[in-house]
Every structure is written in structure tokens, then in C-alpha cells.
Protein chains: 2
Amino acid sequence: MGDKWSLLIIRDLMFSKSCTYGDFLKSPEGIATNILASRLQVLEECKIIEKLDHPDSKAKVLYRLTRKGVDLVPILLEINLWADKYLSIPDERKAMVKEMKRDKLGFIKAMAKNWKLEALVVAPSPKAI
Amino acid sequence: MGDKWSLLIIRDLMFSKSCTYGDFLKSPEGIATNILASRLQVLEECKIIEKLDHPDSKAKVLYRLTRKGVDLVPILLEINLWADKYLSIPDERKAMVKEMKRDKLGFIKAMAKNWKLEALVVAPSPKAI
DNA sequence: CCGGATCCGTTTCGATACTG
DNA sequence: CAGTATCGAAACGGATCCGG
């Protein structure tokens with residue numbers, strides 16, 4: 001499951017707000033629908049992501065990183081740092097990389113914490129508030 | 001160049017003593033000769049590895065990580081830590097992972113240092129001494 | 001509409017045999 | 001030893017169709 005597309009899905013889950021099938025499709029790299037579906041399935045079987053019912057509509061599905069998935073953050077972080085040094089990085093991600101550099105451990109902890117918060121926030125629909 | 005085989009080549013260069021075409025072929029994963037050749041070429045084009053003449057024989061070729069390649073160490077390290085937590089790791093690598101955990105920064109620095117030493121050691125043939 | 005599944009032409013991969 | 005050549009198998013990707 002360490003292929004290009006899986007990595008991009010994980011990246012989107014971590015660093016963008018992407019969490020639905022449609023979100024991943026919109027990613028600039030342009031994944032095909034069949035590839036996306038198969039990768040999501042593999043990642044779910046590996047227990048790196050999990051499916052949740054979307055609070056708003058039955059037709060939507062939420063994807064979320066599991067603990068095993070969140071533990072991939074340090075790897076993605078190092079990849080970002082390397083890419084920042086040797087490749088060109090999209091502007092929108094520069095601030096994040098800067099923060100990674102400034103406080104690596106803090107960044108990782110913040111990510112893990114965000115995940116717990118989001119678990120609570122997602123459950124009740126915004127409309128229900 | 002972030003595919004399975006390229007990663008394994010880099011891993012071998014970093015953590016095993018592998019540095020020739022033949023060494024990589026002997027890796028337990030069993031890469032095919034044509035794939036190996038193509039990946040070595042790509043990695044060289046990306047300036048992650050470089051070719052050197054083998055000091056002993058014209059027929060041999062040494063591959064070595066460049067600075068850009070050595071800078072991948074933190075990524076491989078984090079992958080090892082994750083794999084150690086969630087997958088089963090070969091016994092021979094357990095000691096190394098333990099050392100990585102104990103002193104992450106020290107490990108990375110040691111790797112970088114080793115590289116400079118090896119650069120000096122490799123140049124003159126052992127026979128010439 | 002959203003989340004997929006299916007079909008199909010094209011590209012890439014990879015095992016083996018072979019060459020310098 | 002360090003690679004090419006060949007060729008079947010697998011993966012990709014685009015378009016389209018299906019179910020809730």
C-alpha cells in the first residue's frame with residue numbers, strides 16, 4: 001500500500017481538510033475514480049483509515065485516519081522537509097513546513113490532538129447545533 | 001521515483017553494505033535485472049545516487065548516495081520506527097531500530113558522518129595499501 | 001448529486017533469456 | 001558482473017453506468 005496514490009490520499013487526509021471521496025477526486029493530481037476506490041479499500045483493510053457515516057447525509061461517507069494512520073505523520077513530515085529542501089513546494093504548504101521546522105515535536109503532537117478533537121466535532125452535525 | 005523498488009535500493013545503500021548492482025540483486029525482495037537498471041538510472045538522474053568507478057576492477061560499478069540521498073535518512077528512519085510498531089521487522093534490523101529510538105538525532109548524524117568517511121575509504125583500493 | 005463499479009485501450013512492470 | 005531484449009501480466013486512466 002506504499003504507492004503514489006495511497007500516499008496522496010493520506011497526505012490529503014492529514015494536511016488538507018479532505019475527508020470524502022469527492023474531496024480526494026478534486027485533488028490537483030487527478031486520481032481516477034476506480035483507482036481511488038481501490039486505494040481507499042486497501043487503506044481501510046490495512047486499518048490506516050476508517051469509514052464513518054457522514055452526519056449530514058446518508059449518501060456521503062467520511063474517511064478518517066486511524067491511530068495507525070496518524071502515526072504516519074512523522075514520515076509525511078520528514079518527506080515535506082526533504083521536498084522543501086530539494087523540490088519546489090506549493091505556496092499554500094510553505095507556512096506549514098515552516099512550522100514543522102520550527103517545532104517538529106510540537107507539530108506532531110498538535111496533529112495527534114487535532115485528531116481527537118475532530119472525532120468529537122464530527123459526530124454531531126453542525127446543523128444540529 | 002517514490003516507488004517500491006527505488007525505496008528498497010535506497011534502504012540497501014543506507015543500512016546494508018550494498019553498493020553494487022550485484023548487491024542489490026541479492027536483496028531478499030528479488031528485484032529483476034531490468035527493473036534494477038531502470039531504477040538506478042532514474043535515481044541517478046534525480047541526483048539521489050551517483051556512480052563511481054570501483055577501485056578494484058573496471059567491470060564493477062559502485063553506487064553511492066549523494067548528499068541529497070543521505071538527507072533521506074530521516075524519512076527512512078521514521079518508516080522504520082512505524083514499521084517496527086505495526087509490522088514485523090527482520091531480526092537483523094532490530095538492533096538498529098532500537099538505536100534509532102534511543103537517539104534519533106545521533107543516529108542521523110552518525111549516518112551523515114559515515115558517509116564522509118566512506119568517501120575517503122573507497123577512493124584508494126584496499127589492495128593499494 | 002454522491003460514492004462507487006465496470007469495461008476497455010494504453011502504459012508500465014517484471015521474469016527470464018541473453019549480450020558485452 | 002552489469003546491464004539489454006523480449007514478451008506476457010498487471011496496473012493505470014478515462015468514460016460511462018448504477019444504486020441510494
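Chain A is the first sequence line, chain B the second, and so forth, proteins listed ahead of strands; every chain is numbered from 1. All heavy atoms count here, side chains included; hydrogens, waters and symmetry mates do not.
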*Could you give the CG-to-P distance, from Asp3(B) to dA11(D), as a whole number of Å?*
14 Å
*Look at the side-chain N and O atoms of Tyr63(B) and state whether any lies under 4.0 Å from the OP1 or OP2 oxygen of dG3(D).*
yes
*Let me know, please, whether Lys60(A) or Ser38(A) comes out on the 5' side of the other along DNA chain C by nearest nucleotide.*
Lys60(A)
*asked:* Between Glu78(B) and Lys104(B), does the salt bridge (Lys or Arg N to Asp or Glu O under 4.0 Å) criterion hold? Intermediate values first, please.
replied: CA-CA 9 Å; Glu78(B) 293 297 346; Lys104(B) 203 180 281 191; 3.0 Å; yes
*Between Trp82(B) and Lys68(A), is there a donor-acceptor pair closer than 3.5 Å when you use the side chain of the first and the backbone of the second?*
yes
*Whole-Å distance between dA2(D) P and Asp53(B) CG?*
12 Å
*Taking atom types as they are modelled, is there a donor-acceptor pair under 3.5 Å from the base of dG3(D) to the side chain of Asn34(B)?*
no
*Consider the side chain of Ala37(A), meaning its heavy atoms from C-beta on, and name the nucleotide among dG4(C), dG3(D), dG13(D) that approaches it most closely.*
dG4(C)
What does the list of N/O pairs under 3.5 Å between the protein and nucleotides 17-20 of chain D look like, with a distance for each?
none

*Rounding to a whole Å, what distance do you find between Leu25(A):CG and dG3(C):P?*
8 Å
*May I ask you to decide if Ile31(A)'s main-chain N or O and Trp5(A)'s side chain share a donor-acceptor pair within less than 3.5 Å?*
no
*asked:* Taking Asp91(A) first and then Lys94(A), would you say they form a salt bridge - that is, a charged N and a carboxylate O separated by under 4.0 Å?
replied: yes
*CD1 of Ile31(B) versus C1' of dT16(C): gap in Å, rounded?*
15 Å
_Tell me whether the side-chain N/O atoms of Trp5(B) come closer than 4.0 Å to OP1 or OP2 in dC13(C)._
no
*Once you round it to whole Å, what is the distance between P of dG14(D) and CD of Glu29(A)?*
13 Å
*Please state whether the base of dA15(C) and the side chain of Thr33(B) form at least one donor-acceptor pair under 3.5 Å?*
no
*Rounded interatomic separation in angstrom, taking CG from Leu43(B) and C1' from dG3(D)*: 16 Å
*Report the distance from atom NZ of Lys51(B) to atom P of dC1(D), rounded to the nearest whole Å.*
17 Å
_Looking at Lys101(B) and Asp84(B), is there a salt bridge between them, counting it only when a charged N and a carboxylate O are closer than 4.0 Å?_
yes
*Could you state the NZ-C1' distance from Lys26(A) to dC2(C), rounded to the nearest angstrom?*
10 Å
*Between Asp12(A) and Lys17(A), does at least one N-O distance fall below 4.0 Å, as a salt bridge requires?*
no
*Touch check for Lys4(B), heavy atoms < 4.0 angstrom, all strands: base, sugar-phosphate only, or nothing?*
nothing
*Hey, does the side chain of Arg39(A) come within less than 4.0 Å of dC12(D)'s phosphate (OP1/OP2), counting only N and O?*
yes
*At under 4.0 Å between heavy atoms, what does Thr20(A) touch on the DNA or RNA strands: base, sugar-phosphate, or nothing?*
sugar-phosphate
*Heavy-atom donor-acceptor pair, Asp23(B) side chain to Thr20(B) backbone, under 3.5 Å*: yes
